[in-house]
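Presented below is the structure to which this report refers.
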Amino acid sequence: MKSCYIPLIHVIGFVTGLYAYTLMVEAIGGFSTSNLYQQWIELLLVVYLYGLLYLLLKPAYWRALLAAVPILLIYLVHDVFYLIYGKVFRLIDISELPELLQVLPLGYALMLALLLFLPLGLFVINVNYHPSKRLAIALLPLALLLLLMKNTPDVYAHGFRQVTAGIVKYSDAKSVENNGRLAMLFYREAQRTSTLAELEPYRNRQSYDQRTQNLIDAIKPHQNRRNVHLIVLESFLDPRLFSDLRFSRSPVHPAFEKLFGDKLGLSRSPVFGGATAQAEFELLCGVPAFEMVSSVEFNAFSGAPANCLPHILSQLGYRSVASNAYKPNFFNALPGYKGTGFTESFFPQEFYSAGKTYLRFGDPADEEYLFDASLFEQNLAFIDRHLQDKPDLPLFNYVMTIYGHTPHLLATDKRPEIIQLQSDFQDDHLQRATNQFYYRTQAIADYVNRLLAIDEHSLIILVSDHVPPLRHGPNTYRALGYLDNIEQSFYYNRLAIIEDRVVKQYSPMSHYELLPLILNYLSSGEYCRINRCAFLKNEQHQVRDTYLEDYLALMAHASE
């Protein structure tokens, strides 16, 4: 019987310790504790789960501490996600952990592994694998909670909203601060389950394809059949956007400065620090990445036509080609690219033997990732062959780079650190990323100038997928005043646009607004004559939620 008795002092000690942990995390830039008094559901959940885990363990001296381990680990995962990626953890993110761990600096990854596996190992060793009947009874509330969440998610989510401090639509983080980590974890999973059911009414392939065809028919009489080059730059961070950072010399190469001057723009990514596929989804499909079906939309793609930009251009007579400098198994890239409408997808032959490819990864040596200039050289040769062999076939040339990936390693024999940072806030990743920026701007300028020489009447867009997490996540961006710390500043990325040799600058936009920009260029302005394009008039962006119906229809067909 003693094994089923939980001393009150242990419960109080656990709650106090958890509170102390949240204060510590807040001090280093984590979730605010100012609304803890509202988190009564969170308190009930953690106390109940603590009691459940306590009953699950064998009687031992360390039993009270071990019972807290799984709950503390769930909190830790939440906080690492938030501190490093600026993102709130959801249950579906478990499937993304292998990819997301790869963008963690090695030190963080090792620390996280130790903090996860060592305590969990101790917990598992001390589990009583012959539980009492009381434990089975104690499990009933958890079983009921999970049953409601999965079988009647609408009821669960509605009930949750009625009794909590409220869900902040525009901020996952504020929702967690209002309601708690565990409470929001269950709520978001119920919401995702509900969304999956909601997709069914949107599955009308004939109607969906007809809407796309109507768009194509409207553009076709006005299309100029010019080539489009969309280059997505991995973690391309412009250090000049930090207001409290100084340099020993200019971090931008003179050739890049000459080419773009002060005409660079900004585009808002759906992600910070990782999950490149989310940025790709918005760029290629023209809707926000709401994460309602999956934490990474591409993971829900089956390869069925989603009627995104590559599909539209293919129907307009284009050769739609994706060239990705890394592995095809990252974020379900092959079905993702197929579903968006690419007719050809190329990956380096070292990672992809299932099809023909013009790409080689080679040996990047100390840098681990293929340098931009090497990728651009191969892409230019591909474009040149296309222009010679198929001069009358317009090309959509989509390139996803990989250089600049965390931890920003430099082959100092080829690319020495020539720029020193002058700042009271130290971040060694930023130091290396700044030097990479210099060499990358040199490679970009060379690529663009050579591309213009062979394809001057074309649209060239260069945009970063997201800014990198650096050593200290969002804290570095805040400490150094990235974009003067405007709201969610670290979601904004550099954007460069060249239309028929002319550098164009638009008001700050979101990644998903580049699709209408491309269609407007190709239709000689007709697209924005029949559709509202805020980026042309420096207008306020269209409210994000107005895209929701289009998003649901797209995901319903992409996941067929």
Side-chain angles (χ1 to χ4, degrees), residues 80-89 93 96 99-105 108 172-173 230-242 264-285 287-291 294-299 324-326 330-331 333 336 369 372 398-408 427 429-430 432-434 436-437 440 444 461-478 480 482-483 485-496 508-515 544:
V80 167
F81 257 63
Y82 187 61
L83 289 169
I84 302 300
Y85 303 116
K87 176 180 178 180
V88 173
F89 180 76
D93 284 321
E96 316 309 332
E99 283 92 351
L100 291 172
L101 283 172
Q102 291 190 43
V103 302
L104 269 180
Y108 282 112
D172 260 2
L230 175 55
I231 317 301
V232 185
L233 299 161
E234 169 67 43
S235 300
F236 185 65
L237 173 64
D238 187 344
R240 297 172 298 175
L241 296 177
F242 290 100
L264 293 174
L266 294 170
S267 184
R268 191 185 190 283
S269 173
V271 287
F272 162 78
T276 293
Q278 290 298 82
E280 291 191 273
F281 171 78
E282 287 202 355
L283 291 165
L284 293 171
C285 293
V287 293
F290 285 104
E291 299 184 17
S294 170
S295 64
V296 173
E297 267 77 12
F298 270 7
N299 283 345
N324 188 310
Y326 206 49
F330 259 47
F331 297 118
Y369 300 110
D372 290 334
Y398 174 81
V399 180
M400 180 70 237
T401 76
I402 188 61
Y403 190 78
H405 199 287
T406 299
H408 313 283
D427 189 315
H429 284 209
L430 178 57
R432 295 195 296 274
T434 298
Q436 282 188 332
F437 180 74
R440 297 183 78 182
I444 291 167
I461 299 175
L462 301 111
V463 64
S464 179
D465 55 349
H466 53 71
V467 294
L470 301 177
R471 172 67 73 180
H472 306 293
N475 288 345
T476 294
Y477 291 84
R478 296 189 188 104
L480 295 175
Y482 185 74
L483 288 172
N485 286 333
I486 63 172
E487 186 176 359
Q488 295 189 313
S489 64
F490 43 84
Y491 283 90
Y492 284 90
N493 300 261
R494 272 305 190 199
L495 170 66
M509 60 181 66
S510 292
H511 277 7
Y512 52 81
E513 291 182 281
L514 284 171
L515 184 149
R544 191 169 179 263

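All values below come from the heavy atoms of this structure, side chains included, with hydrogens, waters and symmetry mates left out. Bear in mind that the values here come from a model prediction, so they are computed numbers and not experimental data.
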- [ ] List the steps, then state whether side chain to side chain contact (heavy atoms under 4.5 Å, CB included) holds for Thr476 with Phe490.
- [x] CA-CA 10 Å; Thr476 294; Phe490 43 84; over 6 Å; no
- [ ] Applying side chain to side chain contact (heavy atoms under 4.5 Å, CB included), run through Asp427 and Leu480 and close with a yes or a no.
- [x] CA-CA 10 Å; Asp427 189 315; Leu480 295 175; 5.8 Å; no
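Here Tyr369 and Tyr326 bring their ring centres to under 6.0 angstrom of each other. Aromatic ring centres of Phe437 and Phe236 lie closer together than 6.0 Å.
For His429 against Pro407, the heavy-atom pair with the smallest separation is CE1-CB, 3.7 Å. Between Pro270 and His511, the shortest heavy-atom distance links the atoms CD-CD2, 4.0 Å. Closest of all the heavy-atom pairs between Gly473 and Phe272 is C-CZ, 3.9 Å. A pairwise comparison of heavy atoms in Val271 and Ala275 identifies CG2-O, 3.5 Å as the closest pair. Minimum heavy-atom separation, Tyr492 to Arg268: CE2-CB, 3.7 Å.
Remark: the backbone N or O of Ser464 is not paired with any side-chain donor or acceptor of Glu234 at under 3.5 angstrom. Panel note: side chain Arg440, backbone Tyr403; a donor-acceptor pair is recorded below 3.5 Å. Side-chain atoms of Asn493 come within 3.5 Å of backbone N or O of Tyr491 as a donor-acceptor pair. Using modelled atom types, one side-chain atom of Asp465 and one backbone atom of Ser235 make a donor-acceptor pair closer than 3.5 Å.
Val232 is listed as a side-chain neighbour of Tyr398, based on a closest heavy-atom distance under 4.5 Å. Put simply, the side chain of Tyr482 reaches to within 4.5 Å of the side chain of Leu237, judged on heavy atoms. Annotation: side chain of Phe281 is in contact with side chain of Val287 (closest heavy-atom distance under 4.5 Å). Leu430 has its side chain within reach of Phe242: a pair of non-hydrogen atoms, C-beta onward, lies under 4.5 Å apart. Two residues are said to be in side-chain contact when any heavy atoms from C-beta on lie closer than 4.5 Å; Leu515 and Glu513 fail this criterion. Side-chain contact check for Leu462 versus Arg494: every heavy-atom pair is 4.5 Å or farther apart. With contacts defined as side-chain heavy-atom distances shorter than 4.5 Å, the pair His466/Gln278 does not qualify. Counting heavy atoms from C-beta on, the side chains of Leu514 and Met509 come closer than 4.5 Å.
Going from atom CG of Leu230 over to atom CD1 of Ile461 covers 5.5 Å, rounded to the nearest 0.5 Å. Separating the CG atom in Leu266 from the CG atom in Leu241 is a distance of 6.5 Å, to the nearest 0.5 Å. Here the CG atom belonging to Asn475 is positioned 6.5 Å from the CG atom belonging to Leu83, to the nearest 0.5 angstrom. We find the CG-CD distance between Asn485 and Glu487 to be 11.5 Å, quoted to the nearest 0.5 Å. Residue Thr434 holds its OG1 atom at 9.5 Å from CD of Gln436, rounded to the nearest 0.5 Å.
There is no side-chain donor-acceptor pair under 3.5 Å between Glu282 and Ser510.
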